[in-house]
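Here's the structure we're looking at; comments come further down.
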Amino acid sequence: MWRDLAGRRGAAVALLLLVALAALAYAQGTARRTGFYSRTRDMRRSPAIPPQEMLLDLPDSSVAVTGQEPVLPLEVAAATLKNPVAPDTSSLRKGGQTYALYCTPCHGPNLDGKGPVAPKFLPPPDLLAKMTRDRADGYIYRYLRHGGAVMPKYGFALSQRQVWDVINYLRDMQRKTPR
């Protein structure tokens with residue numbers, strides 16, 4: 001009789017352990033399916049936050065954009081912005097160095113729009129052409145700092161002074177290269 005009872009208890013304990021393990025496995029699977037991990041893997045089931053409903057903390061490596069110069073329309077920039085930097089030898093030298101670093105890949109060392117990466121993109125304009133010569137310094141400044149239809153913006157990489165130096169270099173090269 002004791003053997004029968006011990007066998008039944010053992011079977012009951014084994015069955016109870018099996019049920020407990022199955023419940024635990026089910027609970028973990030449910031938590032995994034409804035937890036953050038599974039929602040981020042499937043965008044269709046991820047929580048949607050309506051625009052401007054929740055402010056997120058900025059990452060530590062982010063850069064504030066307040067206090068920057070306003071982005072003027074090209075026509076306004078052409079009419080109002082004047083080059084404050086005199087085209088002396090220092091400005092021309094710095095402008096040439098900056099042009100060589102940032103502009104040569106697309107516009108080429110001869111300012112003709114035949115840089116080494118130009119064939120991979122829409123052809124950049126010839127900076128010695130009449131169209132560019134006729135542009136106001138303010139127009140070019142705004143285009144360099146804030147970009148245009150195809151050209152990326154360089155305001156994040158170049159200071160205002162560097163952009164004016166590049167414009168002085170460009171104007172000097174235009175004077176030296178008649179067309």
Side-chain angles (χ1 to χ4, degrees), residues 36 39-43 46-179:
F36 180 77
R39 282 186 275 164
T40 58
R41 288 181 54 193
D42 185 1
M43 291 178 62
S46 66
I49 300 170
Q52 301 174 353
E53 288 289 322
M54 183 172 91
L55 295 175
L56 301 175
D57 292 330
L58 296 174
D60 292 334
S61 61
S62 64
V63 178
V65 294
T66 57
Q68 292 184 349
E69 66 186 9
V71 180
L72 299 173
L74 287 166
E75 298 78 22
V76 174
T80 59
L81 297 178
K82 304 296 177 210
N83 191 340
V85 179
D88 57 10
T89 55
S90 173
S91 174
L92 296 176
R93 181 181 51 77
K94 290 176 185 174
Q97 291 171 343
T98 304
Y99 177 88
L101 184 62
Y102 289 97
C103 309
T104 298
C106 293
H107 293 282
N110 300 325
L111 290 83
D112 56 3
K114 296 179 181 171
V117 300
K120 294 177 175 59
F121 302 105
L122 289 174
D126 180 353
L127 299 178
L128 300 174
K130 181 175 179 0
M131 180 184 73
T132 308
R133 290 174 191 260
D134 292 344
R135 299 278 189 210
D137 288 352
Y139 184 98
I140 297 171
Y141 173 86
R142 194 291 199 179
Y143 215 81
L144 285 170
R145 290 277 292 173
H146 302 291
V150 177
M151 183 172 161
K153 56 185 169 184
Y154 282 95
F156 70 92
L158 301 176
S159 68
Q160 294 175 354
R161 171 65 191 244
Q162 287 175 307
V163 173
W164 289 119
D165 287 339
V166 169
I167 293 169
N168 285 338
Y169 172 76
L170 171 65
R171 296 301 188 201
D172 184 57
M173 293 300 289
Q174 288 173 345
R175 278 191 293 278
K176 290 178 180 176
T177 312
R179 285 227 175 156

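- In this structure, Pro87 and Arg171 have side chains that are not in contact, with every pair of non-hydrogen atoms separated by 4.5 Å or more.
- Side-chain contact between Val71 and Arg145 is absent, with no heavy atoms from C-beta onward closer than 4.5 Å.
- Gln174 CD to Ile167 CD1: the interatomic distance, rounded to the nearest 0.5 Å, is 10.5 Å.
- Put simply, the residue from Asn168, Val85, Leu144 that forms a side chain to side chain contact (heavy atoms under 4.5 Å, CB included) with Val163 is Leu144.
- Side-chain contact check for Arg133 versus Leu128: some heavy-atom pair is nearer than 4.5 Å.
- One finds the OG1 atom of Thr177 at 9.0 Å from the CG atom of Asp172 (value rounded to the nearest 0.5 Å).
- Taking CD of Glu75 as the start and OH of Tyr139 as the end, the distance is 7.0 Å to the nearest 0.5 Å.
- Distance check, rounded to the nearest 0.5 Å: CG of Leu122 to SG of Cys106 gives 10.5 Å.
- Looking at every heavy atom in both residues, Ala118 comes nearest to Pro124 through CB-CD, 3.7 Å.
- By the side-chain hydrogen bond (donor to acceptor under 3.5 Å, both in side chains) test, Thr132 is found to be paired with no residue, residues two or more places apart in sequence or in another chain being considered.
- Side-chain contact check for Ser91 versus Trp164: every heavy-atom pair is 4.5 Å or farther apart.
- A pairwise comparison of heavy atoms in Leu72 and Val76 identifies CD2-CG1, 4.3 Å as the closest pair.
- Atom-to-atom distance recorded for Tyr141:OH and Leu158:CG is 10.0 Å, nearest 0.5 angstrom.
- Just one of Asn83, Leu170, Leu81 meets the side chain to side chain contact (heavy atoms under 4.5 Å, CB included) condition when paired with Asp137; it is Asn83.
- Note that the CG atom of Leu111 and the OH atom of Tyr169 stand 5.5 Å from one another [nearest 0.5 Å].
- Screening residues 93-116 for side chain to side chain donor-acceptor pair (under 3.5 Å) gives no qualifying pairs among residues at least two apart or on separate chains.
- Remark: Asp134 engages Lys130 in a side chain to side chain contact (heavy atoms under 4.5 Å, CB included) (not counting sequence neighbours).
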